[in-house]
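Here is the structure we will look at.
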Amino acid sequence: MTAYKEFSGGKLIFYITGEIDESNISLVREEFDNGLALLPNAVILDLRQMTFIDSTGIGMIISRYNKLKKIGVPLYARGLSAQTEKVFKTAGLLNIIGII
Amino acid sequence: MSVVNQMKLSVSAISGNESFVRSAAAAFCVSKNPSLETVNDIKTAVSEAATNVIVHAYDEPEKNFIYVEAELFDDYVCIIVKDDGRGIANLEEAMQPMYTSKPENERSGMGFTFMQTFMDELSVESEEGKGTTVKMKKYITKAEDL
Ligand SMILES: Nc1ncnc2c1ncn2[C@@H]1O[C@H](COP(=O)(O)OP(=O)(O)OP(=O)(O)O)[C@@H](O)[C@H]1O
Ligand SMILES: [Mg+2]
């Protein structure tokens, strides 16, 4: 698993690769929050290379989504694998996060 | 239909074993040529059950175990994930979508919902102070059927 970010023009792109679960979620959280500390005006989750996610990752995303919503910053996701899409759908995330 | 293969696995209840447990459960079915979707459904559901053992069952998870048992049949697999930890006092409440006893950990309370959605059958037994047993059944869609 790796998590890294790109920040330009006020836009944060946050990349997650490999499998995320309880064993590495704190690294993902930390890196994501470092990105959010840059005060982006839009956030894109790039998940093209993420090969596994379960409720632990969903909890991390929902809590960031709620924080961003409060300050009016949109969150988008792109590159969902079939497994990720099914997990997002079951958690109701497809209705609240823009899929681009 | 008769069982064609059986597996029993006990591993330390540490988060570093989550990926091993879900991969082992999925790999156990490989002789039945499951579709990628079936493999991913099994991985996701087993990951939820194993995570719950690691996160919720024990005060000292590193000194305790996740127990996995599986039976493979011609067109389905039964997988049991259990622990001998604290158990669940109110199972009906625990299984509600969005219920979590650990919201401060950024948990969403979706684990049981995922197990239910990704598998064909789910049953949970739990006794306070004794532990929790999650039984799941999944019909195997063959890769060539698609
Ligand atoms: N093996 C277990 N031992 C003890 N309690 C458990 C066990 N499994 C689940 N629970 C209890 O059931 C609740 C609901 O479980 P569920 O997996 O649905 O949500 P969660 O683990 O809290 O959050 P999420 O799975 O979304 O990260 C847990 O919060 C916990 O209180
Ligand atoms: Mg859970």
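Since the model is a prediction, treat every value here as computed from it, not as a measurement. Each chain gets a letter, A, B and so on, in the order its sequence line appears, and its residues count up from 1.
Interface residue N105(B): only backbone heavy atoms are found under 4.5 Å from chain A. Proximity to chain B is absent for every atom of A82(A), based on heavy atoms less than 4.5 angstrom apart. Residue T56(A) touches chain B through both its backbone and its side chain, counting heavy-atom pairs closer than 4.5 Å. Heavy-atom distances place both the backbone and the side chain of S47(B) under 4.5 Å from chain A.
In terms of heavy-atom pairs under 4.5 angstrom with chain A, the leader among N40(B), T44(B), D41(B), V55(B) is T44(B).
Atom CG of N66(A) sits about 10.0 Å away from atom CD of E106(B), to the nearest 0.5 Å. Note that OG of S108(B) and CD1 of I62(A) are 5.0 Å apart. Values are rounded to the nearest 0.5 Å.
Side-chain contact between D21(A) and S19(B): present, with at least one pair of heavy atoms (C-beta onward) separated by less than 4.5 Å. Here the side chains of Q83(A) and K43(B) are not in contact, with every heavy-atom distance at 4.5 Å or above.
The shortest heavy-atom contact between M110(B) and T90(A) is CE-O, 3.5 Å.
At most 12 heavy atoms of other shown residues, nucleotides or ligands fall within 6.0 angstrom of atom NZ in K11(A). In the displayed structure, E104(B) atom CD is contacted under 6.0 Å by more than 12 heavy atoms of other residues, nucleotides or ligands. Around atom NZ of K69(A), no more than 12 heavy atoms belonging to other residues, nucleotides or ligands sit under 6.0 Å away. Applying the 6.0 Å contact sphere to CD of E62(B) captures more than 12 heavy atoms from other residues, nucleotides or ligands. In F7(A), the CZ atom is crowded: over 12 heavy atoms of neighbouring residues, nucleotides or ligands sit closer than 6.0 Å. Around NZ of K86(A), the count of heavy atoms belonging to other residues, nucleotides or ligands within 6.0 Å exceeds 12.
Under a hydrophobic clustering in which Ile, Leu, Val, Met, Phe, Trp and Tyr are joined whenever their side-chain heavy atoms come within less than 4.5 Å, directly or via other members, I44(A) and V73(A) fall into different clusters. When hydrophobic clusters are built by joining Ile, Leu, Val, Met, Phe, Trp and Tyr residues whose side-chain heavy atoms come closer than 4.5 Å, directly or via intermediates, F118(B) is grouped together with M98(B).
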Report the C-alpha distance between E18(B) and S23(A) in whole Å, list the side-chain angles of each, state the deciding distance to 0.1 Å, and finish with yes or no for side chain to side chain donor-acceptor pair (under 3.5 Å).
CA-CA 8 Å; E18(B) 274 185 35; S23(A) 70; over 6 Å; no

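Between the side chains of E22(A) and S15(B), not a single donor N or O lies within less than 3.5 Å of an accepting N or O.
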